[in-house]
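These notes are about the structure you will find just below.
Just so it is clear, the model here is predicted, and its values are computed rather than measured.
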Amino acid sequence: MSKEPFLRMSKRESIGAGKAALIYIIALLLSMVACAGVIYLLVRMNPIDVYKAIFDGALGSKRRIWITVRDLLILLCIAVGLAPAFRMRFWNIGAEGQVLVGGLVSAALMINLADRIPNVLLIILMFAGSAAGGMIWGLIPTVFKAKWKTNETLFTLMLNYVAMQIVTFCIVFWEKPKGSNAVGIINQQTRAGWLPEMFGNDYFWNIVIVAVLTVFMFIYLKYSKRGYEIAVVGESERTARYAGISVRSVMLRTMALSGAICGIAGFIIVSGSGHTISTSTAGGRGFTAIIVAWLAKFNTLSMVLIAFGITFMEKGAIQIASQYGLNENASDVLLGIILFFILGAEFFINYKVERNHK
């Protein structure tokens, strides 16, 4: 006679927002415990000190708070850009490339037009040019997908490396000083093309731009006719065609929007944050943003909290690595542990594990 298993797993029909948030919080706390355990095994430090270091690394001073906010805004902007594409089930893995191309356009305009036009006009051109650059980079794989049914995952991923090589090519002409293989801080003396300070804050306009995009995308996806069409195409292209929706038009329109917002993230990095361009400008955030968008179920308002949590823990992991004398890869290991627990929380949101009463 075979025994019944002690536990059984079943798919949830639905889960309340409060319960889902509780699961994420538990996962985050467990990830902190795991990180503390790893640090203790490596350097034999008190886990309480580890927690303090995590908080101190992200929010320990006014400067660190604003660095956390700066990186949070960039990650959130990219995640907002990915939301419509993923809602349509178009797997845009090319955010890194779209950010790079957007940043490259901004850098090119900053370098070549700094002394020729007013700063306000230059910033407007950079914003529009970065959006156009990211849009074009997003439309390339979309055209092939719409016409020849190519695999968008591989195509968008491949374009990331193409964008990196284009940036490398441009750096050869812009490097400063010569032979450094780096552009350096662009227009550091004149600040031409830099987003201006407002109320004594360097990142005021970053906040405004990302906040507007986040609210706009929430309304666009949830309440607009085009957002409804995106959802229908994502559920079933056959149903969309039956309902009279042009799948090709929706696909092109949505990826144009997705690429444009990722390009704007490049503008924010170059004009409002780093003021330079390199192959590491995106910094892997194009891939981290995929996790943010997916965990938030493409709800851009929920992305704010998730992006903050990931950025908070990332800064904390960097602080731990530097404070305890670990090598530069230690922070990546700790961040990987954190993401593992957060992604694991998805299982318990979608499935429930119960004791088998039989």
Side-chain angles (χ1 to χ4, degrees), residues 74-75 77-106 108 128-170 213 217 220-221 226-227 229-238 240-241 245-270 277 279-294 298 300 303:
I74 296 168
L75 179 61
C77 185
I78 301 170
V80 168
L82 291 175
F86 280 16
R87 182 74 178 271
M88 189 179 61
R89 298 296 190 267
F90 186 102
W91 308 120
N92 180 14
I93 314 298
E96 287 274 311
Q98 291 148 29
V99 171
L100 277 176
V101 170
L104 184 65
V105 173
S106 282
S130 294
M135 179 179 68
I136 292 169
W137 212 246
L139 281 175
I140 293 172
T142 313
V143 170
F144 279 80
K145 168 77 172 179
K147 195 165 185 178
W148 294 292
K149 301 296 182 183
T150 57
N151 186 304
E152 74 275 13
T153 305
L154 295 176
F155 208 136
T156 53
L157 182 63
M158 176 190 70
L159 285 178
N160 291 335
Y161 300 100
V162 176
M164 290 175 65
Q165 295 307 313
I166 293 174
V167 170
T168 302
F169 176 79
C170 291
L213 290 174
M217 188 59 70
Y220 181 84
L221 291 177
R226 293 187 172 185
E229 289 176 348
I230 289 172
V232 174
V233 171
E235 288 296 325
S236 170
E237 290 187 11
R238 185 174 296 177
R241 291 191 182 95
I245 298 172
S246 173
V247 174
R248 179 177 295 186
S249 297
V250 173
M251 196 177 292
L252 292 170
R253 183 177 68 220
T254 303
M255 270 305 294
L257 179 62
S258 177
I261 294 177
C262 290
I264 290 170
F267 162 78
I268 292 172
I269 294 171
V270 173
I277 186 71
T279 54
S280 60
T281 290
R285 284 174 287 224
F287 298 110
T288 308
I290 295 172
I291 299 172
V292 175
W294 193 263
F298 319 128
T300 58
M303 289 179 193

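Counting heavy atoms of neighbouring residues, nucleotides and ligands inside a 6.0 Å radius, atom CZ of Arg226 does not exceed 12 of them.
Residues Cys262 and Ile78 form a side-chain contact, since some pair of their non-hydrogen atoms from C-beta on lies under 4.5 Å apart. Leu157 places a side-chain heavy atom less than 4.5 Å from the side chain of Phe287.
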Side chain to side chain donor-acceptor pair (under 3.5 Å) between Thr279 and Thr168, intermediate numbers included | CA-CA 7 Å; Thr279 54; Thr168 302; 5.2 Å; no
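In this structure, Glu96 contributes its side chain and Gly284 its backbone to a donor-acceptor pair below 3.5 Å. Distance alone, capped at 3.5 Å, places no donor-acceptor pair between the Thr281 side chain and the Ile277 backbone. Here the side chain of Trp137 pairs a donor or acceptor atom with the backbone of Leu159 at under 3.5 angstrom. Proximity of a side-chain donor or acceptor of Arg285 to a complementary backbone N or O of Ala282 within less than 3.5 Å is detected. With hydrogens and angles ignored, the 3.5 Å screen pairs no side-chain donor or acceptor of Ser258 with any backbone N or O of Thr254. With hydrogens and angles disregarded, a donor-acceptor distance shorter than 3.5 Å links the side chain of Asn160 to the backbone of Ile93.
Taking CE of Met88 as the reference point, atom CG of Leu221 lies at 11.0 Å (rounded to 0.5 Å). Note: Gln165 CD to Leu100 CG = 11.0 Å, rounded to the nearest 0.5 Å.
In terms of heavy atoms, Arg87 sits closest to Ala231 at NH2-CB, 3.9 Å. The minimum heavy-atom distance linking Gly286 with Leu82 is given by the pair O-CD1, 3.9 Å.
Note on ring orientation: taking the six-membered ring where Trp is involved, the planes of Phe155 and Phe144 are tilted (angle from 30° to 60°).
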